[in-house]
Amino acid sequence: MTEQPAPENPEGDEPIKQRKNGLYPTVSDELAASMKSGWADTELRDLRPIEQAGEAAARRAAISARFPGERLVIPAGNLKTRSNDTEYAFRASTEYVHLTGDQTEDAVLVLEPSGEGHTAAAYLMPRSNRENGEFWLDGMGELWVGRRHSLGEAEQLLGIPCLDVRTAADALKALDGPVRIVRGHDAGIEAALADRTDAGRDDELKTALGELRLVKDAFEIGELQKAVDSTVRGFEDVVKVLDKAEATSERYIEGTFFLRARVEGNDIGYGSICAAGPHATTLHWVRNDGAVRSGELLLLDAGVETHTLYTADVTRTLPVNGTYSELQRKIYDAVYESQEAGIAAVRPGAKYRDFHDASQRVLAEKLVEWGLLEGPVEHVLELGLQRRFTLHGTGHMLGLDVHDCATARTETYVGGVLEPGMVLTVEPGLYFQPDDLTVPAEYRGIGVRIEDDILVTEDGNRNMSAALPRASGEVEAWMARLKG
Ligand code: GLY
Ligand code: MN
Ligand code: MN
């Protein structure tokens with residue numbers, strides 16, 4: 001990285017937002033004068049609204065109706081320091097993205113009560129000032145971080161008035177009346193509103209926004225399908241390089257999938273779990289630094305996040321050498337049967353918990369049949385004894401967040417009923433820990449999970465990730481084809 005030059009006139013005619021280190025070398029008057037002029041007008045005109053502008057407006061209208069007469073403040077969040085003066089890649093808050101379709105760092109959406117509803121405004125960082133040197137002297141200047149949209153351009157794209165975010169805190173402080181903010185994203189705006197907000201009331205806003213995302217609109221379903229389709233290609237990429245992973249480590253798998261995610265989407269939607277051999281029994285194995293061995297299984301749980309930030313969440317458990325051993329197949333087929341039972345229970349009007357119960361019953365039956373748990377099955381299920389080996393819930397809502405809608409109330413989510421437009425994962429698994437003395441030695445260190453992304457339709461469901469084979473024989477044939 002390059003050390004930044006100093007502001008020649010740090011006071012300028014507008015404040016400089018961020019200066020790093022205070023260790024600026026001097027800039028000559030001649031250079032400062034030179035940098036002020038000679039730049040073309042690059043303003044973009046006649047921009048078309050972003051594709052989801054209409055859906056975002058409908059989402060804002062829904063949350064407006066839920067909180068009549070109250071000002072609602074939804075920040076996108078700020079950059080987070082990784083080390084010294086480097087930052088993590090920015091990822092805007094899910095709530096802000098859902099209500100705007102925008103992903104600008106530091107932005108704040110304000111819904112202002114107006115008549116029966118609200119008017120929306122987005123506070124954004126405008127183009128960098130060239131007169132005061134901000135654009136090249138400031139660490140957040142466009143010369144360093146890239147061109148931003150002007151406020152006029154942003155208005156055309158988002159379909160709402162856009163204002164300078166540096167005025168947001170003062171503007172919000174100056175306004176009277178009830179206000180709620182989505183906490184946890186922007187400490188500065190929260191502090192500005194601290195004496196006017198209340199944690200309990202703010203939580204209600206976050207809860208309502210989580211519940212607003214339970215049912216996806218047509219745009220969101222399209223984006224989730226794109227995420228899944230890219231993810232399918234990422235899994236194919238991995239199968240093609242398993243020999244290279246064997247020669248190196250799980251990192252080769254992580255890097256291969258990441259390449260697909262970065263080229264086709266924004267990122268991965270969560271840390272890829274590239275778990276070979278006994279690592280498959282660690283539910284969130286993301287160190288991905290282990291050996292990949294022929295004869296063992298690879299549990300790959302990964303999802304591409306689209307440019308609009310919708311993520312897939314898919315798992316396949318693959319034989320590294322292309323063929324399941326007898327015991328691996330027995331366990332795999334049991335998980336497959338369990339997943340089939342779970343998917344069959346996904347339909348409108350079904351209780352959310354039904355697919356979990358259906359999947360767990362199959363797994364409990366298998367564990368009793370194999371002599372790993374003492375029956376009867378009803379007794380096992382009643383006491384939850386199968387959970388020593390099934391470990392986690394059988395699925396969750398999927399959307400902008402991999403575990404989407406987490407702030408929704410129990411009665412609307414886990415205790416609720418499935419509706420068309422909901423998208424959830426069905427992901428049963430069986431895991432035999434390497435040090436589990438209650439199972440025969442040959443089971444130890446085997447972990448199998450199969451995870452698909454399921455859309456609830458008007459008359460049942462659609463498996464959005466059906467393009468990836470699931471049945472053991474089909475997985476083997478698919479791997480053989482890809483490895484060619
Ligand atoms: N990848 C996290 C999960 O499957 O829920
Ligand atoms: Mn999942
Ligand atoms: Mn997963």
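All values below come from the heavy atoms of this structure, side chains included, with hydrogens, waters and symmetry mates left out. Numbering of ligands and ligand atoms starts at 1, following listing order. Sequential numbering from 1 along the given sequence is applied to the chain's residues.
- At a 4.0 Å heavy-atom cut-off, the residues surrounding ligand 1 are Y270, D301, D313, H396, H403, E427, E451, listed by chain and number.
- Counting heavy atoms from C-beta on, the side chains of L299 and W285 never come closer than 4.5 Å.
- When side chains are defined from C-beta on, R60 counts as touching I160, because their heavy atoms get closer than 4.5 Å.
- Residue-environment remark: NZ (K351) stays at or below the threshold of 12 foreign heavy atoms within 6.0 Å.
- At a threshold of 4.5 Å between non-hydrogen side-chain atoms, the residues E365 and E369 do not count as touching.
- Inter-residue side-chain proximity for L297 and Y324 is flagged as met; some heavy-atom pair is nearer than 4.5 Å.
- Taking backbone and side-chain atoms together, H403 has no N/O/S atom less than 2.8 Å away from the Mn ion (ligand 2).
- In summary, of the residues considered (H149, R148, M140), a side chain to side chain contact (heavy atoms under 4.5 Å, CB included) with M125 occurs for R148 alone.
- Evaluated for a salt bridge (charged side-chain N to carboxylate O under 4.0 Å, His left out) with R470, the options E340, E476, E451, E427 yield exactly one hit, E340.
- For R201 and E70, the salt-bridge test passes: some basic side-chain N is under 4.0 Å from an acidic carboxylate O.
- Within the protein, the N, O or S atoms sitting under 2.8 Å from the Mn ion (ligand 3) are D301 OD1, D301 OD2, D313 OD1, E451 OE1.
- Screening L400, V402, D267, I268 against E305 for a side chain to side chain contact (heavy atoms under 4.5 Å, CB included) leaves a single residue, D267.
- Note that CG of L193 and CZ of R180 are 13.5 Å apart. Values are rounded to the nearest 0.5 Å.
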